[in-house]
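Scroll down for the structure; my scribbles are underneath it.
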Amino acid sequence: MNAVVIYRTKYGSTKTYAEWISEELDCPVFDYKNISVSDLLNYDTIIYGGGLYAEVINGVHLLTKSLSRLAGKKIVVYSTGITPLDCRDYYDKLVIEKNFKPDMLDQIKVFNFLGKMKLDELSLVHRTALKTLKKIMSGKTNPSEMEKLLIDLCDADGDFSDRAAIKELVDYVKNEG
Ligand SMILES: Cc1cc2nc3c(=O)[nH]c(=O)nc-3n(C[C@H](O)[C@H](O)[C@H](O)COP(=O)(O)O)c2cc1C
């Protein structure tokens, strides 16, 4: 197996997972800034990680826009976020629809992990965005369950990263196909 892990991170959570995965698979790991699509052609398995920001997997378009060049490779994407992992509608519908065209999922396997959000580390722009989102959601007369969850998540403060969670991804890379 000739694999590589690439990540894009704002606060370090996705990088931590990338390093854990690269240790388990004994493969190189790169910040997306330091690797090009041409470099990826040297690997059979490409694992890309990005944090979720308004359901978008940070930077994943760098990979999805070049999928045709990566035909035949095993491609894995992971997200890190603070939405509880049992919110499957969120991950399997909303996140999937925002980031991938349906046919891309024949080529890409997606995993989701819990990440980190420490309020005192956030940029002013991000703190303001969360405050605004919370205000909008809180103003709704009949918020849906998802909207109620979003209101709570705006105040999430902690590191929920879990090394054990990477097992399924690591097994998938090692064992299948
Ligand atoms: C402005 C903002 C928007 C976010 N949007 C989402 C989101 O849509 N879904 C989610 O689960 N987490 C969301 N998060 C939490 C981040 O995805 C989480 O902190 C992630 O681990 C960050 O990864 P990184 O530090 O590697 O960039 C958001 C955080 C911020 C600051």
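Every value quoted in this text rests on a predicted model; they were computed, and no experiment measured them. Throughout, numbering of the chain's residues begins at 1 and tracks the sequence. Hydrogens, waters and symmetry mates play no part in the numbers below; they use all other heavy atoms, side chains included. For ligands, and for the atoms within them, numbers begin at 1 and follow the listed sequence.
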Does N34 CG have over 12 foreign heavy atoms under 6.0 Å away?
-> yes
Looking at T14, which atoms of ligand 1 are within less than 4.0 Å of one of its heavy atoms?
-> 23 (O), 24 (P), 26 (O)
So does D31 pair up with R8, basic N to acidic O under 4.0 Å?
-> no
Do the side-chain N and O atoms of T14 and T80 include a donor-acceptor pair separated by under 3.5 angstrom?
-> yes
Considering distance alone, does some N or O of A129 sit under 3.5 Å from an N or O of ligand 1?
-> no
Before signing off on this row, confirm whether T9 and ligand 1 have an N or O atom pair separated by under 3.5 Å.
-> yes
Does one side chain, of H126 or Y11, offer a donor that lies under 3.5 Å from an acceptor on the other?
-> yes
Heavy-atom nearest neighbour in the protein, as seen from atom 23 (O) of ligand 1, with distance rounded to 0.1 Å | T80 OG1, 3.3 Å
Which residue and heavy atom of the protein sit nearest atom 11 (O) of ligand 1, plus the separation | T83 OG1, 2.7 Å
For atom 5 (N) of ligand 1, which protein heavy atom lies nearest, and how many Å away is it?
-> A54 N, 3.1 Å
Ranked by distance from atom 25 (O) of ligand 1, the top protein heavy atom is Y11 N, 2.8 Å
Does a side-chain heavy-atom distance below 4.5 Å link V77 with F111?
-> no
For E23, does the CD atom have more than 12 heavy-atom neighbours from other residues, nucleotides or ligands under 6.0 Å away?
-> yes
NZ/NE/NH1/NH2 to OD/OE distance under 4.0 Å, D171 and K167 = yes
Y172 ring centre to K74 NZ or CZ under 6.0 Å, with the angle to the axis within 45°?
-> yes
Heavy atoms of other groups near K116 NZ, more than 12 under 6.0 Å | yes
What protein heavy atom sits nearest atom 3 (C) of ligand 1, and how far away is it?
-> Y53 CD2, 3.8 Å
Taking 4.0 angstrom as the limit, do E24 and R163 come out as a salt bridge?
-> yes
For atom 19 (O) of ligand 1, which candidate among K116, M117, K98, K15 holds the nearest heavy atom?
-> K116
Ligand 1 N/O within reach of L52 N/O, cut-off under 3.5 Å = yes
Indicate yes or no: does K93 engage E55 in a salt bridge with an N to O separation below 4.0 Å.
-> no
May I ask you to check if ligand 1 and H126 share an N or O to N or O distance below 3.5 Å?
-> no
Using a strict cut-off of 4.0 Å, indicate which atoms of ligand 1 neighbour a heavy atom of G115.
-> 21 (O)
Under 4.0 Å from any heavy atom of G51, which atoms of ligand 1 are there?
-> 23 (O)
Examine the proximity of ligand 1 to S13 and report which part, side chain or backbone, both or neither, has a heavy atom under 4.0 Å away.
-> both
Aromatic rings W20 and Y17: how do their planes relate, parallel, tilted or perpendicular, breaks at 30° and 60°?
-> perpendicular
contact_flag Y7 ligand 1 heavy-atom lt 4.0 Å | no
Residue-ligand contact I82/ligand 1, heavy atom below 4.0 Å | yes
Report the nearest protein non-hydrogen atom to atom 9 (N) of ligand 1: residue, atom name, distance rounded to 0.1 Å.
-> Y90 OH, 2.7 Å
Ligand 1 atoms in contact with E55 (distance to a heavy atom under 4.0 Å) | 7 (C), 8 (O)
Taking N or O atoms only and a 3.5 Å limit, does R8 qualify as a polar contact for ligand 1?
-> no
